[in-house]
Amino acid sequence: MDRTLIKDLRSVIGQTIKLQGWLQTLRDQKKIQFLILRDPTGLAQVAHWKPNDEVLAELIAKMGAETALTITGKVIDNPIVKLNGLEIQLESLEVDNMAEIPLPFDPFAETLPTIDYRLDWRYMDLRRSVNALLFQVQTSVEMAMREYWVKNKFIEVHSPKLMGTPSESGAELFSLDYFERKAYLAQSPQFYKQMAMAAGFERIFEIGPVFRADPSFTSRHMTEFTGVDMEISWINSHEDVMAFEERWLQYIYTRVKELHGDAIKKQFGVDLVIPEVPFPRIPMREAVEILKSRGYALPADKKGDIDPGGEREIAAYVKEKFNHDFVFLTDWPISVRPFYHMRIPEDQTLTRSFDLIACGLEITTGAQREHRVEMLQKQALEKGLHLEPIQFYLDFFRYGCPSHGGFGLGLSRLMMAMLNLNNIREVVYIFRGPTRLNP
RNA sequence: GGGGGCGUGGUGUAGUGGCUAACAUGCGGCCCUGUCAAGGCCGAGAUCGCGGGUUCGAUACCCGUCGCUCCCGCCA
């Protein structure tokens, strides 16, 4: 017998069907047992008249909540039943896997344990329907990203995560033994996506793991996360990159709203707004002035940078003034940008770079890259870098590399912004942080 | 790395310088002709994170330590 999904029960009234799922609750009375069974599509009431099978009744009585079950029974239309006016009269029951009693915690209780405890028992936590939806949405997000890229003739690449040399600074790298020498975990695919531009691929993307050895204890940092990166050639400035990203995001939101808009509204209470293009753009110098005029005190040592509180304040300003959840902060000073960001010709203290803030959260950094090798060398030296370790990278720009730029986006951060969740641990499948390597 | 907060039955919380540390939920038992967030009665379950100090007396106050958490730094 094929499995029937709970959402389809109304179409098989009168038939004997098979259901598979988890025991949500058991109400065991004198003569009758009610089993509420949960599958990924909903809940259904299964009734067992105990005198029909006393042995089975005893087995059922011992089952703990969350036991995995396969049952067969006849679907009855019964308006008295509050759960969809349906019930299944139990005919047979097979325990696939008994749930031990007690559970570490009840995922369906009104109050949940703290996040740290739930992460210890992540598979139980993931049984909550909000989490199933969350990862369905994430699947659609990635699908939509790819749909848009493929329509626009992008090539997907997978760059190595084991590196022989530290790429950028070195401080936040994980190192490990690699046969007779040291290797490092990639903290960004930056160099390799630029290499694809030197290879003439013109438009590429990568979705893959990124490692950062930062001891960051915040609700938005992880030591391993999924980076969404892309790079395009023959651009005139970072404006071309932003113009691509905003339309790409608009497409993603459109697809997610089509596929999950109602469910998101119901489960997260979020009315997904498809962002209008163009997104507001604010040069950093202007952003600093806006913050001053709103009485937001930036730390003195920031030198043209903005702290997270400032980003939230700018987001509030943008929401008030443009009614928009996204804002590009552009033209960052060279002091806070890496050596490979291209400088603005008219003002060499600024870079052709941007961050994208979504609902006050930094989700993207992007830029036009410096593709002229002599400029790149000069800028690397100014940043105090040694050229030898990055020579392989500098060589990309010696034999005909087009102008190019791109961005990196944090997948989980996008999910936080989209679903209005304030802790990245809630959004990522398995969290990795400075003090968490399990499960 | 710096700062703030928290740590009480399995879980979530309350609480007070002094009798047997409270409540919810969960768990066990009994009762209830069909419940439906089921209900009723009974019961088990906490050396109040750990170490030290103040005090006649500490779960409560102080110090240290560990863990968690949030913020800053850093970033996606």
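Order of the sequence lines sets the chain letters (A, B, ...), proteins ahead of strands, with each chain counted from 1.
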Should we count NZ of A:Lys182 as having more than 12 external heavy atoms under 6.0 Å?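 Check passes, neighbour count above 12.
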
Does A:Ser216 make a side-chain donor-acceptor contact with the base of B:C74, cut-off 3.5 Å?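 Under the 3.5 Å cut-off, the side chain and the base do form a donor-acceptor pair.
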
Using a distance-only criterion (donor-acceptor N/O pair, under 3.5 Å, no hydrogens), is the base of B:U35 paired with the side chain of A:Gln45?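 Counting by modelled atom types and ignoring angles, a donor-acceptor contact under 3.5 Å is found here.
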
Return the value, rounded to whole Å, for the distance between atom [atom1] of [X] and atom [atom2] of [N].
| X | N | atom1 | atom2 | result |
| --- | --- | --- | --- | --- |
| A:Gln29 | B:G34 | CD | P | 5 Å |
| A:Met416 | B:C70 | CE | C1' | 13 Å |
| A:Glu224 | B:A76 | CD | P | 16 Å |
| A:Arg436 | B:C68 | CZ | C1' | 10 Å |
| A:Trp332 | B:C75 | CH2 | C1' | 10 Å |
| A:Asp355 | B:A76 | CG | P | 7 Å |
| A:Arg413 | B:C74 | CZ | P | 13 Å |

Can you tell me if [X] and [Y] form a side-chain donor-acceptor pair at under 3.5 Å?
| X | Y | answer |
| --- | --- | --- |
| A:Ser140 | A:His260 | yes |
| A:Tyr393 | A:Gln194 | yes |
| A:Lys161 | A:Ser159 | yes |

State the dot-bracket string of RNA chain B. Criteria: Watson-Crick or G-U wobble, both atom distances under 3.5 angstrom; notation: ( ) intrastrand, [ ] crossing earlier pairs, | interstrand, . unpaired. (((((((..((((....[...)))).(((((.......))))).....(((((..]....))))))))))))....

Can you check whether A:Phe34 stacks with the B:G34 base, using ring centres under 5.5 Å and planes within 30°?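 Base of B:G34: not stacked against A:Phe34.
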
What string of B, S and - do you get for nucleotides 2-14 of chain B, 5' to 3', when a contact is any protein heavy atom under 4.0 Å? --------SSS--

Tell me which of A:Glu87 and A:Leu409 sits closer to the 5' end of RNA chain B, going by the nucleotide each one is nearest to.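 It is A:Glu87 whose nearest nucleotide is closer to the 5' end.
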
Using heavy-atom distances to pick each residue's nearest nucleotide on RNA chain B, tell me which of A:Leu119 and A:Ser412 is more 5'.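 Counting from the 5' end, the first nearest nucleotide belongs to A:Leu119.
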
Under 4.0 Å between a side-chain N/O of A:Thr218 and OP1 or OP2 of B:C75, yes or no?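 For B:C75, OP1/OP2 do not have a side-chain N/O of A:Thr218 under 4.0 Å.
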
